Amino acid sequence: MLITFEGIDGAGKSTQIRKLAAWLARKGMETLSLREPGGTETAESIRSLLLESSGEITPLGELLLFSASRAEIVQQVIIPALESGKTVILDRFYDSTTAYQGYGRGLDLDMLRSIIAISTCGLVPDITFFLDIEPEAALMRKFSEKSIPIAFDNSELDRMERSGLEFYRKVRAGYLETIALEKNRFACLEAIEPPDAIHKRITGILTDRFNL
Ligand code: TYD
């Protein structure tokens, strides 16, 4: 089974992924938690390029780099893990590309769909949890996580996080449109709820849908 988590930066995905992995392990399920971009040596190098580079990257270049990283992790890690019966929990997958590069950067959505189909080898998650949060609240969380004074020194933020509030508004709107088109695959959660309450909802949904 492939479970993915999506949401704008600062929505609290990592906390939920940790809790879910522990819950699945207690149920005796073999799980593998991964994040995108990254997950193989090459994909981690691409991640550094994407997040730490100070040079300019065009939206098309950005799309192709995220997609190259995805092609690596899908073929080298995710497909073999699924084939061996593991449950894979993925922190971001192609819905991030639709939301960030499509709606955020404004790239053509049809072109994106073709590239996504290629880079994922056609793999579709069994369920995608979307942690919804207002961009303002999400950025505040990032600032406090990284102990950045609110009086705005954004040099601690990564290249994507420096894209600004307006960008994150478009990304969130993109997620919401994507979800409206594929209601069955997504489960939406309010990220401002306490982490334990969100975790309970997640395990409840998995129990209902997949008899876990
Ligand atoms: P990361 O530090 O993993 O962010 P988070 O903790 O919020 O998941 O950085 C990943 C960044 O890359 C994040 O800003 C979202 C962005 N991204 C894209 O723009 N497109 C993509 O296809 C993926 C996978 C991520």
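On a predicted model such as this, the values are computed, not experimentally measured, just so you know. Whatever order the structure lists ligands and atoms in, that order sets their numbers, starting from 1.
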Sidechain-backbone polar pair: Thr203 side chain, His199 backbone, donor-acceptor under 3.5 Å: yes
Winner among Leu50, Leu63, Ile17, Leu51 once heavy atoms are compared against atom 9 (O) of ligand 1: Leu51
Transitive ILVMFWY side-chain link Phe129 to Leu176, under 4.5 Å: no
Candidate with minimal heavy-atom separation from atom 18 (C) of ligand 1, of Phe5, Phe66, Tyr168: Phe66
Winner among Arg92, Arg35, Arg47 once heavy atoms are compared against atom 3 (O) of ligand 1: Arg47
Pair Thr31-Thr87, side-chain donor/acceptor within less than 3.5 Å: no
Check: Tyr100 and Phe167 side chains under 4.5 Å, non-hydrogen atoms: yes
Ionic contact status for Asp9 with Arg92, cut-off 4.0 Å: yes
Contact check, Arg70 vs ligand 1, heavy-atom distance below 4.0 Å: yes
Closest to atom 14 (O) of ligand 1 among Thr97, Asp9, Ile116, Leu112 (heavy-atom distance): Asp9
Within reach of ligand 1, part of Gln101 (heavy-atom separation under 4.0 Å): side chain
Enumerated ligand 1 atoms positioned under 4.0 Å from heavy atoms of Lys13: 5 (P), 7 (O), 8 (O)
Cation-pi geometry met for Lys27 and Trp23 (6.0 Å, 45°): yes
Heavy-atom nearest neighbour in the protein, as seen from atom 10 (C) of ligand 1, with distance rounded to 0.1 Å: Pro37 CD, 4.0 Å
